[in-house]
Amino acid sequence: MKVLMVCLGNICRSPLAEGILKTKAAEKNLEWTIESRGTGSWHIGEQADPRSIAEAKKNGIDITDQRGQQLQKSDLQEFDLIYAMDTSNYNNILKLASSEEERQKVKMILNESKPNMNQVVPDPYWSDDGFSHVFELLEEACEIIVEKYR
Ligand code: 4NP
């Protein structure tokens, strides 16, 4: 499986999602490729937000080696599953899709844990208090993803 996590900046939510899913896949000896991207270009080459790094560390996960990357059209070909954190990400990913097969790969990540509800992972960038909540939501969804696709 090749799984891509996508948010807006690729510094808060999708780096956490990448770190959590990588940890769970490793625990189950799954040889998956797991990466993350932002739909925006502001944070290309940057480390994850310090608050995401701290939240991951609190949970025993090191995401300090991640660097911001912007989503490219070729990512839709390369990856099998592409998870959007929110509705805006979802719509922006779909704009890059060039076939029905590519469109089918794109999913709202919380539909794995709360099916058909199209709930969003709230953007914690502008507040300090959202990071633990984001971690909990992503942890629940990633647990289901490893079990569903292993
Ligand atoms: P993320 O959060 O999409 O979870 O990485 C954001 C990071 C940066 C910005 C917005 C959201 N920004 O406007 O720079």
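Residue indices begin at 1 and follow the sequence shown. Note that the structure is predicted; figures quoted are calculated from it, not measured. Whatever order the structure lists them in is the order used to number ligands and atoms, beginning at 1. Below, all heavy atoms of this structure are taken into account, side chains as well, without hydrogens, waters or symmetry copies.
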For [atom], find the nearest protein heavy atom and state the residue, atom name and distance (0.1 Å precision).
| atom | result |
| --- | --- |
| atom 14 (O) of ligand 1 | His43 NE2, 2.9 Å |
| atom 12 (N) of ligand 1 | Tyr125 CE2, 3.6 Å |
| atom 11 (C) of ligand 1 | Asp123 OD2, 3.1 Å |
| atom 1 (P) of ligand 1 | Cys7 SG, 3.5 Å |

Identify, by atom number and element, the atoms of ligand 1 in contact range of [X], meaning under 4.0 Å from any of its heavy atoms.
| X | answer |
| --- | --- |
| Cys12 | 1 (P), 2 (O), 4 (O), 5 (O) |
| Leu8 | 3 (O), 10 (C), 11 (C) |
| Gly9 | 1 (P), 3 (O), 5 (O), 7 (C) |
| Ile11 | 5 (O), 7 (C), 8 (C) |

Please say whether Arg13 places an N or O atom under 3.5 Å from an N or O atom belonging to ligand 1. yes
Can you find an N/O atom of Trp126 closer than 3.5 Å to an N/O atom of ligand 1? no
Got a second to check how far Glu55's CD is from Asp49's CG, nearest 0.5 Å? 11.5 Å
Greater than 12 external heavy atoms within 6.0 Å of [X]'s [atom1]:
| X | atom1 | value |
| --- | --- | --- |
| Asp65 | CG | yes |
| Glu100 | CD | yes |
| Lys57 | NZ | no |

So, Glu46 side chain and Gly68 main chain: donor-acceptor pair closer than 3.5 Å or not? no
Locate the shortest heavy-atom distance separating Leu110 from Ala141; write the atom from each residue and the value. CD2-CB, 4.3 Å
Does the side chain of Met85 come within less than 4.5 Å of Met5's, by heavy atoms? yes
